[in-house]
Amino acid sequence: MTSPFPFASIFGILFAALIIAGGLPWVERRVLALFQDRYGPNRVGPFGVLQTLADAIKMFAKEDWVPPFADRAVFVIAPAVLMVTVLLSFAIIPAAPGIIVDDLNIGVLFFLGMSSLGVYSIVLAGWSSDNKYALLGAMRGAAQMLSYEVFMGLSIMGTVLLAGSFDLVKIVEAQRGLWFVVPQFAGFMLFLIAGLAETRRIPFDLPEAESELIAGYHAEYSGMKFGLFFVGEYLGITLISSIITTLFLGGWLGPWLPPVVWFLIKTSASIAFFILLRAALPRPRFDQLMALGWKLMLPLALINLLATGAAVLAWSF
Amino acid sequence: MFSILSTIWRVFLHMFSRRVTVQYPEQKPYLAPRYRGRIILSRDAEGGERCVACYLCAVACPVDCIALQAAEDAAGRRYPEFFRINFSRCIFCGYCEDACPTYAIQLTPDFEMGEFHRQNLVYEKQDLLIDGEGKYPGYNFWKVAGVAIGGKAKGEAAREAPPTDVNSLMP
């Protein structure tokens with residue numbers, strides 16, 4: 001089942017995702033400032049809204065430099081891979097009934113697959129830069145994203161079990177009675193942490209750890225190629241937030257207001273929580289990150305899956 | 001685990017606390033009267049320059065940003081022929097003010113001296129001299145120093161006694 005207005009949905013979602021991702025840097029700086037008792041950018045335009053525009057103009061005007069020692073083709077492709085994978089993932093997100101690009105019956109798997117492909121962007125960017133910091137960042141990124149993807153997938157399986165479908169629309173519909181954040185609270189927490197690691201955000205920004213690796217995998221990037229990584233990161237936050245909304249917070253469901261508004265409210269709340277985490281938490285050491293992922297989160301996700309499966313089995317009798 | 005949650009909660013509460021930023025160009029900060037800002041040269045109550053060109057400020061200056069040349073007018077008062085402060089070097093430490101024996105050089109609560117050209121930060125004597133007495137009203141070095149200048153012999157000023165004639169000190 002696809003949407004009744006395929007092109008309107010495609011361009012609508014693409015436009016909305018890019019607008020949100022474009023506005024997010026400003027939002028994040030303002031909200032971070034709010035948490036840190038500052039004002040943030042408030043000079044360009046009313047409340048500084050045009051700050052992002054100013055930054056974009058600056059980024060376009062920068063020299064688009066490819067280092068002579070870099071592997072040119074791969075170096076150019078890597079940022080595009082990130083954008084493409086993240087934007088493709090938006091195809092399966094139901095913003096409201098009918099507003100979806102493609103209602104895949106394996107939507108969850110498609111999302112997981114696309115976020116796995118996103119790792120290539122990091123690895124290729126770090127590898128082709130031919131720079132030790134970039135390579136270290138890329139290696140960290142690969143290890144981090146692969147390990148956190150394992151229990152990311154497992155943490156979603158609880159919801160999939162409860163809804164009985166990989167289809168995101170059906171998952172949302174299954175939450176009419178009760179949002180999955182209640183019966184699947186452990187899964188929600190695990191997915192939140194995994195999503196944070198997938199988007200490489202503080203506190204899990206080890207691939208680009210500024211104080212250790214300068215900028216990690218995108219250390220050699222400048223101009224709009226860096227801009228693609230930048231926008232890709234914010235697109236990733238938007239994506240993870242909308243996935244959280246869809247899987248655990250009941251998607252577009254909600255009283256009185258139109259479905260799209262509910263979806264946007266929940267997604268914005270989720271994004272705000274991500275920003276709060278950035279304001280509050282320090283970056284762990286890399287071995288701590290790995291230990292957390294494999295020794296704590298993976299067993300917890302397995303236990304959660306086991307318990308959910310047992311509960312579903314018991315209820316079905 | 002608990003500390004992480006409490007950190008998140010306490011950072012969240014900061015949303016409702018007052019912002020500490022001073023919105024500078026619209027909202028000026030209060031500067032104490034003794035704030036060490038732009039350097040000025042003051043005059044005494046009669047309008048004469050207080051500076052006696054003793055070079056102590058130039059010596060005290062840790063970054064050597066003060067340059068001056070002493071001269072003497074017809075009345076026998078020492079004064080700086082030129083007095084130049086390079087504010088692109090000045091660190092506003094206030095040592096010159098401490099060193100000054102005549103309260104001539106003073107630091108003021110003004111820091112808004114941004115320039116687009118470095119050369120404009122070199123202040124000459126006419127830029128530094130003000131018409132007032134600054135922080136020490138009523139003080140006039142020549143009136144208490146016991147030095148003879150034109151129109152005033154030794155012992156004629158306040159709290160001064162005429163010099164003793166050593167030849168009259170017979171036992």
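Because the structure is a prediction, the values reported are computed rather than measured. We name chains A, B, ... by the order of the sequence lines, and we start the count at 1 in each one. No hydrogens, no waters, no symmetry mates; every other heavy atom, side chains included, goes into these values.
Between B:Met15 and A:Gln36 the shortest side-chain heavy-atom distance does not fall below 4.5 Å.
Proximity to chain B (any heavy atom under 4.5 Å) is shown, for A:Leu34, by both the backbone and the side chain. For A:Arg278, no part lies under 4.5 angstrom from a heavy atom of chain B. For B:Arg10, no part lies under 4.5 angstrom from a heavy atom of chain A.
The number of heavy atoms from other shown groups lying within 6.0 Å of OH (A:Tyr39) is above 12. Within 6.0 Å of atom CZ in A:Arg43, more than 12 heavy atoms from other residues, nucleotides or ligands are found, so the atom counts as buried in its surroundings. Open room surrounds CD on B:Gln119; 12 or fewer heavy atoms of other groups in view lie less than 6.0 Å from it. The environment of CZ in B:Phe82 is crowded: more than 12 heavy-atom neighbours from other residues, nucleotides or ligands sit within 6.0 Å. Around the CZ atom of A:Phe47, the shell of radius 6.0 Å holds no more than 12 heavy atoms that belong to other residues, nucleotides or ligands.
For the atom pair CG of A:Leu281 and CD1 of B:Ile8, the computed distance is 4.5 Å after rounding to the nearest 0.5 Å. Expressed to the nearest 0.5 Å, how far CG of A:Leu277 lies from CZ of B:Phe12 amounts to 12.0 Å.
Between B:Thr21 and A:Arg38, the shortest heavy-atom contact is OG1-CA, 3.4 Å.
For the pair B:Arg19 (side chain) and A:Asp37 (backbone), a donor-acceptor distance under 3.5 Å is absent.
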